[in-house]
Trainee: 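Structure provided below as structure tokens; questions to follow.
Here is how names work: the chains are called A, B, and so on, in the same order as the sequence lines, proteins then strands, and each is numbered from 1.
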There are 2 protein chains.
Amino acid sequence: MTLAEVAAAAGVGESTVSRVLRRHGSYSGRTRDRVIEAVERLGYVPNRIAGTLASTASRLVAMVIPSVTNIVFTDVLNGIGGPLEERGYQAVFAVTDYDPRREESLVAAMLAWRPAAVILAGLEHTEATRRMLGAQACRVVELLDTDGPAIDLAIGISNRAAGRAGAGYLLGRGYRRIGYLGHDPFRDRRAGKRLEGFRAALAEAGRPPAAEMVLEGASSVARGREGLARLLAGAPGLDAVYFSNDDMAVGGWFHCLEAGIAVPGRLALFGHNGLDIGAALPQPLATLRTPRDAMGREAARLVLEDAPAQVLDLGFELIPGATA
Amino acid sequence: MTLAEVAAAAGVGESTVSRVLRRHGSYSGRTRDRVIEAVERLGYVPNRIAGTLASTASRLVAMVIPSVTNIVFTDVLNGIGGPLEERGYQAVFAVTDYDPRREESLVAAMLAWRPAAVILAGLEHTEATRRMLGAQACRVVELLDTDGPAIDLAIGISNRAAGRAGAGYLLGRGYRRIGYLGHDPFRDRRAGKRLEGFRAALAEAGRPPAAEMVLEGASSVARGREGLARLLAGAPGLDAVYFSNDDMAVGGWFHCLEAGIAVPGRLALFGHNGLDIGAALPQPLATLRTPRDAMGREAARLVLEDAPAQVLDLGFELIPGATA
DNA sequence: TCAGTGGTTGGCAGCGCTGCCAATCACGAT
DNA sequence: ATCGTGATTGGCAGCGCTGCCAACCACTGA
């Protein structure tokens, strides 16, 4: 079923059908009705592959994200999706699993679809990835981080500032033996930058981290729970722990509950992200809310508006909660 | 930058470049090296829009799912993604927000890309959606539910059987005043079917639900927590609650913790899905694990193998846990 | 009557690639 | 030297649509 067949059935030319279907150019009401009637009668579905090729203007947006099961990325996807769909754009995505080399090959695969924009997480990419992206006539959005040079558009927060803010809050509340528990800071560079900010703030206050533990693999509630048990076994005197994110922190809270550790009396807990689960805990988690949905929406907006290259820091909000 | 330019630069014909890049047909090693060299020197990225149009065989798979922030769907996405990418397929997705009419228009938009397969959640769709899908030469996969007639391929579990299994387990453990707490069973038809199975099993045992509460909107930990408080206020004598899923059940567990309700001594809790968070609770949640990752992988496999139309029930596993 | 005007309409050349087919080549066999 | 064979290669017609341009159609005003 092609445009030409619809045109023949409606007794009009191909370009007329094309104009009617795209509501573009001029045509009479009578013509429009005949075309619509033929389209519905034949069950015609336009071929956007052909349309995109002919117009050489793609309405595809490629998203290359580290994980789909991490709510942080899906919140962003969610924010991007709406505005994009409204304007007739289609999202294509691929998952890197936090591997820069996989990201590189996925970006190459994505560019083959000639997307209007490519959306990535973070500012760290392989040299080849940056080169490919730079050579294409498409917008590039780097999300979730503003600590470093961007390729084109960057929208996020300063993770170093977030780490500093967490440390500052704990210091301000009087905690003095502060530990860190996190997941892999090399694969998740944003978590790594928070750790850097956290360390720097504590060092400047003359109270460097009393203990640090970094676990391999992705963050999870289970890892946070087991990790805190091990961290405390090695450093029983801690009075506060800064976690790499809320998942880990919720796991930590579970450990305290199980081990009978009073929170925040004997141990304060601080997370990052401001997830719903943290707020739903019987003791709301002290954390830092990141505007993930807004990042997605802003990304979509800047791309659709064809805004000039820029770095947009959306900031974060400290949520005191009840655990610190 | 086009194929023709690369061909000119390498001093060979267009079809030769095409063959080399697709590793298809025959060409000499010397020719291959020259082509590869030219491709790399020029930074050529093939245009898959044109390739797909020319070959009339798309390697796009469309996924139309209710939500990206619900881990149930992203687990499935995750399972699908790997095998698909390996075979050079690309995933395109859109989010319905549990709205069948939105699903309809998104399916129409997706079909315009002439996907090799369309993947949907559940078996309930509008008449127009079914008609469109039936009229296209693409595979259709309906995921997460096997209770009803499928369009083409269906992969999932019987949600009615799951509801029955949950009820059966609670009855078997001696609970007699069993309540239900769930999210919207009409928008989430799978939750609705579990509720049906749950009710049926209890009714057959002569112990119909002692209380039922259905909350509007999506499931969440916070809703489970508040909902259980309200459910118990209206029916204080319950000795067990079956939740529409683990998120709700974890929220319920939080309420019990806060209200000092002994679990499972005074109140047993049972969820659905087998999420990590339930297993990481200090008391592992009694639940029913659904093979979401496997559903995704099987969906990809059947589509890639071009398997005949079928309904594949992957079954579930009852996790006794410690809350029931 | 005739040119001028603005709204409609159809024809057709691409968009960049693939698939088919015919041409060419290398090389051992005759 | 000639032929047959299979591997290698290039040319070119589409894939289904869009964008451009020219043609056409009332009408109007001079």
Side-chain angles (χ1 to χ4, degrees), chain A residues 1-36 38-39 42-60 88 90 108-109 111-116 136-138, chain B residues 1-36 38-39 42-60 88 90 108-109 111-116 136-138:
Chain A
M1 178 58 49
T2 68
L3 228 199
E5 296 175 60
V6 175
V12 300
E14 293 181 37
S15 12
T16 301
V17 177
S18 174
R19 276 188 296 258
V20 170
L21 291 179
R22 284 179 299 141
R23 294 182 188 77
H24 184 270
S26 69
Y27 43 83
S28 67
R30 205 174 116 275
T31 304
R32 187 196 55 227
D33 294 343
R34 286 171 63 190
V35 169
I36 299 290
V39 164
L42 301 175
Y44 170 70
V45 178
N47 185 331
R48 283 188 75 160
I49 302 271
T52 303
L53 179 62
S55 68
T56 60
S58 141
R59 293 194 160 220
L60 238 29
Q90 201 59 251
L111 287 176
W113 290 99
R114 296 294 186 273
Q136 296 294 320
C138 74
Chain B
M1 177 59 50
T2 68
L3 227 199
E5 295 176 60
V6 175
V12 299
E14 292 181 37
S15 12
T16 302
V17 176
S18 175
R19 276 189 295 260
V20 170
L21 289 179
R22 285 180 297 141
R23 295 182 186 76
H24 184 270
S26 70
Y27 44 82
S28 68
R30 203 173 118 275
T31 303
R32 187 197 55 226
D33 294 343
R34 286 170 62 190
V35 169
I36 299 291
V39 164
L42 300 175
Y44 169 69
V45 178
N47 184 330
R48 284 190 74 163
I49 302 270
T52 303
L53 178 62
S55 68
T56 58
S58 142
R59 293 195 160 222
L60 238 28
Q90 202 58 249
L111 287 176
W113 290 99
R114 296 294 187 270
Q136 296 293 319
C138 74

Trainee: By nearest heavy atom, map B/I49 and B/R19 onto DNA chain C; which one lands nearer the 5' end?
Mentor: B/I49

Trainee: Holding to side-chain hydrogen bond (donor to acceptor under 3.5 Å, both in side chains), I want the full list of residues that pass it with B/R22, two or more places apart in sequence or in another chain.
Mentor: B/S18

Trainee: From CG of B/L3 over to C1' of D/dT9, roughly how many Å is that when rounded to an integer?
Mentor: 15 Å

Trainee: Rounded to the nearest 0.5 Å, what separation is found between the CZ atom of A/R114 and the CZ atom of B/R48?
Mentor: 11.5 Å

Trainee: Between the base of D/dG16 and the side chain of B/T56, is there a donor and acceptor pair under 3.5 angstrom?
Mentor: no

Trainee: Tell me if a side-chain donor or acceptor on B/R23 pairs with a main-chain N or O of B/V20 at a distance below 3.5 Å.
Mentor: no

Trainee: Under the side chain to side chain contact (heavy atoms under 4.5 Å, CB included) rule, collect the residues that match up with B/A50, sequence neighbours excluded.
Mentor: A/L53, B/N47

Trainee: How close or far is atom C1' of D/dC17 from atom CE of A/M1, stated in whole angstroms?
Mentor: 15 Å

Trainee: Rounded to whole angstroms, how far apart are CH2 on B/W113 and C1' on D/dC17?
Mentor: 12 Å

Trainee: So, under a plain 3.5 Å distance rule, would you say the side chain of A/S26 forms a donor-acceptor pair with the base of C/dG7?
Mentor: no

Trainee: Please report, rounded to the nearest Å, how far the P atom of C/dG16 is from the CG atom of B/N47.
Mentor: 7 Å

Trainee: Between B/T31 and A/H24, just flag the one whose closest nucleotide in DNA chain D comes earlier from the 5' side.
Mentor: B/T31

Trainee: Output yes when at least one side-chain N/O atom of B/S15 is less than 4.0 Å from OP1 or OP2 of D/dG10, else no.
Mentor: no

Trainee: Which whole-number value in Å describes the distance from A/Y27 OH to C/dT8 P?
Mentor: 10 Å

Trainee: Between A/G13 and B/A50, just flag the one whose closest nucleotide in DNA chain C comes earlier from the 5' side.
Mentor: A/G13

Trainee: Does the B/R34 side chain pair with the main chain of B/A10, one donor and one acceptor, at a distance under 3.5 Å?
Mentor: yes

Trainee: Check whether any side-chain N or O of B/T16 sits under 4.0 Å from OP1 or OP2 of D/dG10, and answer yes or no.
Mentor: yes

Trainee: Mind grabbing the angle between the end helix axes of the helix from C/dT1-D/dA30 to C/dT30-D/dA1? Five pairs an end, 10° rounding.
Mentor: 60°

Trainee: To the nearest Å, give me how far apart CD (B/E14) and P (C/dC21) are.
Mentor: 19 Å

Trainee: Please answer whether the main-chain N or O of A/V12 pairs with a side-chain N or O of A/T16 as donor and acceptor at a distance below 3.5 Å.
Mentor: no

Trainee: For A/Y27, does its backbone N or O pair with a side-chain atom of A/T31 as donor and acceptor, under 3.5 Å?
Mentor: no

Trainee: Figure out the CZ/P separation between B/R32 and D/dT9, and round it to whole Å.
Mentor: 11 Å

Trainee: If you round to the nearest 0.5 Å, how far is CH2 of A/W113 from OG1 of B/T52?
Mentor: 3.5 Å

Trainee: Do A/S28 side-chain and C/dG7 base share a donor-acceptor contact under 3.5 Å?
Mentor: no

Trainee: So which one's nearest nucleotide on DNA chain D is more toward 5', A/T2 or B/V12?
Mentor: B/V12

Trainee: Rounded to whole Å, how long is the line connecting atom CG of A/L21 with atom C1' of D/dC17?
Mentor: 11 Å

Trainee: Please determine whether a side-chain nitrogen or oxygen atom of B/R22 lies at a distance below 4.0 Å from atom OP1 or OP2 of C/dG19.
Mentor: yes

Trainee: Please determine if a side-chain N or O atom of B/Y44 lies less than 4.0 Å away from the OP1 or OP2 oxygen of C/dC17.
Mentor: yes

Trainee: As a test of reading the structure: which of D/dC17, C/dG16, C/dT18 is closest to the side chain of B/S55, going by heavy atoms?
Mentor: C/dT18

